[in-house]
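For the single chain, residues carry numbers from 1 onward in sequence order.
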Amino acid sequence: MQRSYQEQFPDQDFSHLAHTVEQYFCLDTPLWWVYEEVGGKGETFSPIACLWAGNAIDQVSGDRHSHIFLLYVTPEHRRQGIGKALMQYLEDWAKQRGDRQIGLQVFPSNTTALNLYHQLGYQEQSLWMVKSLQLGNS
């Protein structure tokens with residue numbers, strides 16, 4: 001997760017993400033990994049991609065649905081269909097659970113991810129807005 005955010009915001013400290021994972025990771029939030037064989041003979045494998053999903057509630061309908069917490073493919077393995085394959089795996093899993101939709105959040109600056117999600121049929125449904133607050137003596 002930290003590698004994914006670090007690519008988008010290289011000057012930020014993302015050490016707090018370990019706490020986020022501790023809070024949300026459980027048996028109800030599956031994490032799928034893709035490994036690459038290293039050195040041959042099937043003895044050593046290195047992770048090259050992952051997809052972490054969980055649950056969310058649609059604020060309009062009230063229905064539970066799958067939510068993507070993280071999709072990450074190492075830079076040297078991108079544009080090889082790995083992310084698309086993970087997304088298809090998640091879609092099949094979500095359908096088996098009876099989910100009617102899958103949600104995710106993506107930064108507007110992450111054009112690679114946006115292109116993939118649009119290609120897979122994802123559409124913008126809402127706009128997340130924030131306001132920074134100045135703390136201290138005002």
Per-pair distances, 0.1 Å, donor-acceptor, side chain in residues 83-92, under 3.5 Å, sequence neighbours excluded:
unit_1, atom_1, unit_2, atom_2, d
Gln88, NE2, Asp92, OD1, 2.9

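When all heavy atoms are compared, the tightest approach of Val38 to Ser46 is CG2-CB, 3.6 Å.
Atom-to-atom distance recorded for Glu37:CD and Ile48:CD1 is 12.0 Å, nearest 0.5 angstrom. Atom CZ of Phe69 is separated from atom CH2 of Trp52 by 5.5 Å, given to the nearest 0.5 angstrom.
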Checklist line | Steps toward side chain to side chain contact (heavy atoms under 4.5 Å, CB included) verdict (Leu31, Cys50) | finding: CA-CA 7 Å; Leu31 175 62; Cys50 67; 4.1 Å; yes

* Give the intermediate values and the outcome of ring-ring contact (aromatic ring centres under 6.0 Å, His included) for residues Trp32 and Trp93. => CA-CA 11 Å; Trp32 296 285; Trp93 177 81; 5.4 Å; yes

Given the rule in the side chain to side chain contact (heavy atoms under 4.5 Å, CB included) test, do Asp63 and Ile57 qualify, once you have shown the distances and angles that lead to the verdict?
-> CA-CA 6 Å; Asp63 294 335; Ile57 302 297; over 6 Å; no

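With Tyr117 as reference, Leu71 is the one residue of Leu71, Asn110, Ile102 to meet the side-chain contact (heavy atoms from CB on, under 4.5 Å) rule.
Residue pairs meeting the side chain to side chain donor-acceptor pair (under 3.5 Å) criterion with at least one partner in residues 121-131, sequence neighbours excluded, are His118-Glu124.
Residues Gln101 and Asp58 have side chains in contact (heavy-atom distance under 4.5 Å, counting atoms from C-beta outward).
Side chain of Glu36 to backbone of Pro47: no donor-acceptor contact under 3.5 angstrom is found. In this structure, Asp99 contributes its side chain and Lys95 its backbone to no donor-acceptor pair below 3.5 Å.
Within a 6.0 Å sphere centred on CZ of Arg64, other residues, nucleotides and ligands contribute more than 12 heavy atoms.
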